[in-house]
Q: 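Dumping the structure here so I can ask a few things about it.
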Amino acid sequence: MIKTLLITGGSSGIGLATVQLFAERGWNVIELSRHGLSQSNVQHIDCDVTDEENVFEAVQQALKLTDHIDVVIANAGYGISGTVEFTPTKDVRHQFDVNFYGALHLAKAVLPQLRKQRGGTLIFTSSVAATLSVPYQAFYSATKAAINAMALALQNEVRDFGIHVSVLMPGDVATGFTAARTKDESGEDIYPLAHKAVAVMENDEQNGMSPTQMAQDYWCIANKRYPAPQYIGGTPYKVLCFLDRLLPKRLVNWIEYKVYS
């Protein structure tokens, strides 16, 4: 039986690479985003993940195309940068609206179908920043930490329905995500390290892994019978997260300060 992937944020970056990989390998792919296009083995549905009703309607439209969803990937997201003190609260709310509530809306919309079919895998795109919180990217880090916490709780809630829940935490990946970041430079006269820290972070991103590497990670998770709750994208980042668990948090946080100062 041909398998089906439902993914948000599949029109660019990691999401697009994932859409292409699954389609090339014979899966039916249903892609939900604001700017995607239908193509061979890929059906695009317009969707704004910040609108819960719109997400529900998009999923219902997807279910008219298939009677079984094997894997769901909540991938839509973007980043903001700025100081905790000066970033406008409205920007923080929008960061959560897209990254966290967008993922939540998708989960709530697909869970009835996954329960009905007594199985399926739900994967959230998180970030290494969920555990190694990045200075001047505090709110992006916070959205990903919230996703990790939600995913762990959700796994235990849906375990008896045969549903698996995982997160993939990529490290730096070279995509258009960097250029799309919303930057708030307020307070840089008070926090002079902010500009340099963001520049260091963006340089790391643009010299990071290929999105096809993350797509391959999604492929591996999707095809596991019993996927783990969390995966880290990229060997160097697996080492960093291991050291984070091993070393005192005070030391790890100081090292991060030195990296970005």
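Basis for what follows: all heavy atoms, side chains included, without hydrogens, waters or symmetry-related copies. Note that the numbering runs from 1 along the sequence shown for the chain.
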Q: Say whether L16 and I7 are linked into one hydrophobic cluster, either directly or through other cluster members, by side-chain heavy-atom distances under 4.5 angstrom.
A: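 No; I7 is not reachable from L16 via cluster members.
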Q: Roughly how far, to the nearest 0.5 Å, is the OG atom of S166 from the CG atom of D217?
A: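 It comes to 12.0 Å.
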Q: Can a side-chain donor-acceptor contact be found between S126 and N148 if the only test is distance below 3.5 angstrom?
A: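 The criterion, which ignores hydrogens and geometry beyond distance, is satisfied for S126 and N148.
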Q: Check the surroundings of atom CD1 in I2: do more than 12 heavy atoms from other residues, nucleotides or ligands lie under 6.0 Å from it?
A: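 No.
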Q: Tracing side-chain links under 4.5 Å among I, L, V, M, F, W and Y, which residues wind up in one group with Y140?
A: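 Besides Y140, the hydrophobic cluster comprises F177, listed by chain and residue number.
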Q: Just checking R25: does its CZ atom have more than 12 heavy atoms from other residues, nucleotides or ligands closer to it than 6.0 angstrom?
A: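 Check passes, neighbour count above 12.
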Q: Please report the interatomic distance CG(D48) to OG1(T8), rounded to the nearest 0.5 Å.
A: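 Going from the CG atom of D48 to the OG1 atom of T8 covers 11.0 Å.
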Q: Inspect the surroundings of CZ in F86 and state if more than 12 heavy atoms from other residues, nucleotides or ligands are less than 6.0 Å away.
A: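 Yes, enclosed.
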Q: Under the criterion side chain to side chain contact (heavy atoms under 4.5 Å, CB included), I'd like the reasoning laid out for Y260 against V198: C-alpha separation, chi angles, the key distance, then a yes or no.
A: CA-CA 8 Å; Y260 292 105; V198 172; over 6 Å; no
Q: Begin with the C-alpha distance, continue with both residues' side-chain angles, and end with the deciding distance and a verdict on side chain to side chain contact (heavy atoms under 4.5 Å, CB included) for I232 and L240.
A: CA-CA 10 Å; I232 299 166; L240 289 173; over 6 Å; no
Q: What's the shortest heavy-atom distance between I163 and Q155, and which atoms?
A: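 For I163 and Q155, the tightest heavy-atom pair comes out as O-NE2, 3.2 Å.
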Q: Linking I/L/V/M/F/W/Y whenever any side-chain heavy atoms sit under 4.5 Å apart, do L65 and F56 land together?
A: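 Per the 4.5 Å side-chain linkage, L65 and F56 are not co-clustered.
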Q: If you count the non-hydrogen atoms of other residues, nucleotides and ligands that lie under 6.0 Å from NZ in K249, is the total more than 12?
A: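 It does: K249 NZ has more than 12 such atoms within range.
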Q: What is the distance from atom CD of Q137 to atom CD of Q95, rounded to the nearest 0.5 Å?
A: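 Here the interatomic distance stands at 8.0 Å.
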Q: Do K3 side-chain atoms and G26 backbone N/O form a donor-acceptor pair below 3.5 Å?
A: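 It does not hold such a pair.
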Q: Could you go step by step and tell me if L21 and Q216 meet the side chain to side chain contact (heavy atoms under 4.5 Å, CB included) rule?
A: CA-CA 8 Å; L21 178 65; Q216 183 63 48; 4.1 Å; yes
Q: Supply the atom-to-atom distance Q230 CD to M169 CE, rounded to the nearest 0.5 angstrom.
A: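 Separation between the atoms: 4.5 Å.
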Q: Report whether L106 and F161 are members of the same hydrophobic cluster (ILVMFWY, side-chain heavy atoms less than 4.5 Å apart, transitive linking).
A: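 As far as the 4.5 Å side-chain criterion goes, F161 and L106 are connected within one cluster.
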Q: With side chain to side chain contact (heavy atoms under 4.5 Å, CB included) as the test, would you mind laying out the steps for T87 and S186 before giving the verdict?
A: CA-CA 7 Å; T87 300; S186 303; over 6 Å; no
Q: Is it true that Y101 and L32 fall in one hydrophobic cluster, defined by side-chain heavy atoms closer than 4.5 Å?
A: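 Yes; L32 is reachable from Y101 via cluster members.
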Q: Once rounded to the nearest 0.5 Å, what's the spacing between atom CD1 of I14 and atom CD1 of I73?
A: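 The CD1 atom of I14 sits 10.5 Å away from the CD1 atom of I73.
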Q: Would a 4.5 Å heavy-atom cut-off, applied to side chains only, mark L154 and L111 as touching?
A: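 L154 reaches L111 side chain to side chain.
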Q: Compute whether any side-chain donor of one residue and acceptor of the other, for Q117 and Q113, lie under 3.5 angstrom apart.
A: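 A donor-acceptor contact under 3.5 Å links the two side chains.
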Q: Determine whether a donor-acceptor pair (N or O, by modelled atom type, separation under 3.5 Å) exists between the side chain of R34 and the backbone of G9.
A: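 The answer is no, because no donor-acceptor pair under 3.5 Å joins these two groups.
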Q: Sort out for me which residue in D70, V19, N41 forms a side chain to side chain contact (heavy atoms under 4.5 Å, CB included) with W27.
A: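 Of the listed options, the one satisfying the test is D70.
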Q: Are V84 and F100 connected into the same hydrophobic cluster when the rule is that any two of I, L, V, M, F, W, Y join if their side-chain heavy atoms are below 4.5 Å apart?
A: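 F100 and V84: one cluster.
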Q: Would you compute the distance between atom CG of L6 and atom OG1 of T66 and round it to the nearest 0.5 angstrom?
A: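 Reported to 0.5 Å precision, the distance equals 9.5 Å.
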Q: CZ of R93: more than 12 outside heavy atoms within 6.0 angstrom?
A: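 No, CZ of R93 has 12 or fewer neighbouring heavy atoms, counting only those of other groups under 6.0 Å.
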